[in-house]
Number of protein chains: 2
Amino acid sequence: MTQPDMPTPPWERPPRRRTPARVPLSRERIVDAAYTILDREGYDGLSMRQVAAELGVAVSALYVHVRDKDELLQLMYNRTFEGYEIPEPDPERWREQVMDFARQARERLLSHRDLAKITMAHVPFTPELLPYVERLLAVLGAAGLPRRVLAISGDLLSTYINGFALEESLWQERYRETHDSWHKLRDEVNGYFASLPPDRFPNLVRLADIMMDESNDYRFELGVEIILRGLASYIGEPDPDEEHEAS
Amino acid sequence: MTQPDMPTPPWERPPRRRTPARVPLSRERIVDAAYTILDREGYDGLSMRQVAAELGVAVSALYVHVRDKDELLQLMYNRTFEGYEIPEPDPERWREQVMDFARQARERLLSHRDLAKITMAHVPFTPELLPYVERLLAVLGAAGLPRRVLAISGDLLSTYINGFALEESLWQERYRETHDSWHKLRDEVNGYFASLPPDRFPNLVRLADIMMDESNDYRFELGVEIILRGLASYIGEPDPDEEHEAS
DNA sequence: CCATACTATGAACACCGTTCATTCTCTGGG
DNA sequence: CCCAGAGAATGAACGGTGTTCATAGTATGG
């Protein structure tokens, strides 16, 4: 396309190379490849060698751009919430806003195989993640939660969301190995609960039909709802920390 | 002591060996050794070779008693709650009973380094664990929770407890590597929050002093309390599943 | 055009989980 | 008492892992 001996006009940056040749390695491309491997091979199959192979590159080349495998996982983690916008806090609608956040978070955690395993292994206090924590706290703060409740609510919610998604991915892993459908596994598990001796496990038998849902959506949202009700019960109360401050 | 050529009296079982010699390998001893390694080296240092070395035994000997490393981890997981007695359900005191359960569970999860990493990676539906799930459901059921709330409350609680303990162990890992005391790390982290630009992170700055507690006990229990309040709000309500059943 | 800085290479190291043919040890039966 | 056989333990091996490092290649600024 571009004739080689034409002078480059000053208003457009010169092409990096005459021929595009090889795209240079970069953190971005490494993380991309890592996600490809993660989706194809799962967490246990995610190795530096596989990532390098995916890029058609020597393993050691990765270490020019990335200190560690740990740093690579960190970068993958940071990308999890990239581009997600938590809305402006609206005290009237804080419950829906939080529920919406929870839904989107779960959706993202399930958007890549075993991603929940990665996020679970990292503390969410990296600079890239802090804005989301801040926004979530803003929504909750607008609801009028006391300081100490607010300070732990982020942890509480993210712990639940992560844990739920992780458990889901554990089940997915299990039926990836042995079964062919979520349906079948679900029925087997519920059937197992139903078959327990009713004298020793009355409650599990009684709940056997709803321990695992058709999809997990309802169970997930009910869990969030329970947390929301608990949080809401603190609105207007003073900080529950008097004897704690006093000590 | 025992004279070699004396006939063994029929009422006592013959000694296994003339000399005690080597204690034979067993699942129990392997799990013991695994816990020793876990405490000393952490999760990443827990390898079959290390466990074998701890027992003074060849690696391959382990595979006579244990199918997999995965099975070994499963056995370690099963031992987590061994011997813990959840009390008889008392509808008057269900909150205290659940709080007590949560406290004990966290205590056990923190009793071995990185143990939370192991429990997080397993679905809690092994035969050894089911009795504890059943007992917890019994306590919650006695409180009068609707069926669907009950069915998810176990998950909700255990997810929170596990997640909290895991996060604690991540921090412990971090200050094991770089710092010498929890005190110092805590101050640094809180100081970091306080130093954020207040216009972009008003909430984090505002909460900087209480984001991490002196010990985590108070934060943990407040989290459980929030969940308890949420659960309690459903007592007496009908099952929140009408439109769900209808669909 | 060359020197320099940066990138990529491949070989190597020290681990890891797992398997397998072999050896050892112990026990029960003749 | 001895011997056969079953079970347990061995050591070597295989293919994989994360990471390092001296070397080779390449692109860019002086």
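For the numbers below, each heavy atom of this structure counts, side chains included, while hydrogens, waters and symmetry mates do not. Numbered from 1 within each chain, the chains take letters A, B, ... in sequence-line order.
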- prompt: Roughly how many Å is it from CG in B:Leu62 to P in C:dT19, rounded to a whole number?
  reply: 13 Å

- prompt: Distance from B:Phe101 atom CZ to B:Ser158 atom OG, nearest 0.5 Å?
  reply: 7.0 Å

- prompt: Does B:Lys117 come within less than 4.0 Å of B:Glu173, counting only side-chain N to carboxylate O?
  reply: yes

message: I want to check something: taking the side chain as every heavy atom from C-beta on, are B:His183 and B:Glu214 in contact at a cut-off of under 4.5 Å?
response: yes

Between the protein and nucleotides 3-7 of chain C, list every N/O to N/O distance that falls short of 3.5 Å.
none

query: With a 4.0 Å cut-off, would you call A:Arg135 and A:Glu85 a salt bridge?
result: no

message: For A:Arg113, is there an ion pair with A:Glu41 - N to carboxylate O distance below 4.0 angstrom?
response: no

query: Between B:Phe193 and A:Phe125, does the ring centre distance come in under 6.0 Å?
result: yes

Six-ring centre of B:Tyr35, B:Arg79 cation under 6.0 angstrom, axis tolerance 45°: no

- request: Kindly write out the residues that satisfy side-chain contact (heavy atoms from CB on, under 4.5 Å) with B:Ser215, not counting sequence neighbours, or none if the list is empty.
  value: B:Asp217

statement: Per-nt protein contacts along nucleotides 16-24 of chain D (heavy atom under 4.0 Å; B base, S backbone sugar-phosphate only, - none) come out as -BBBBB---

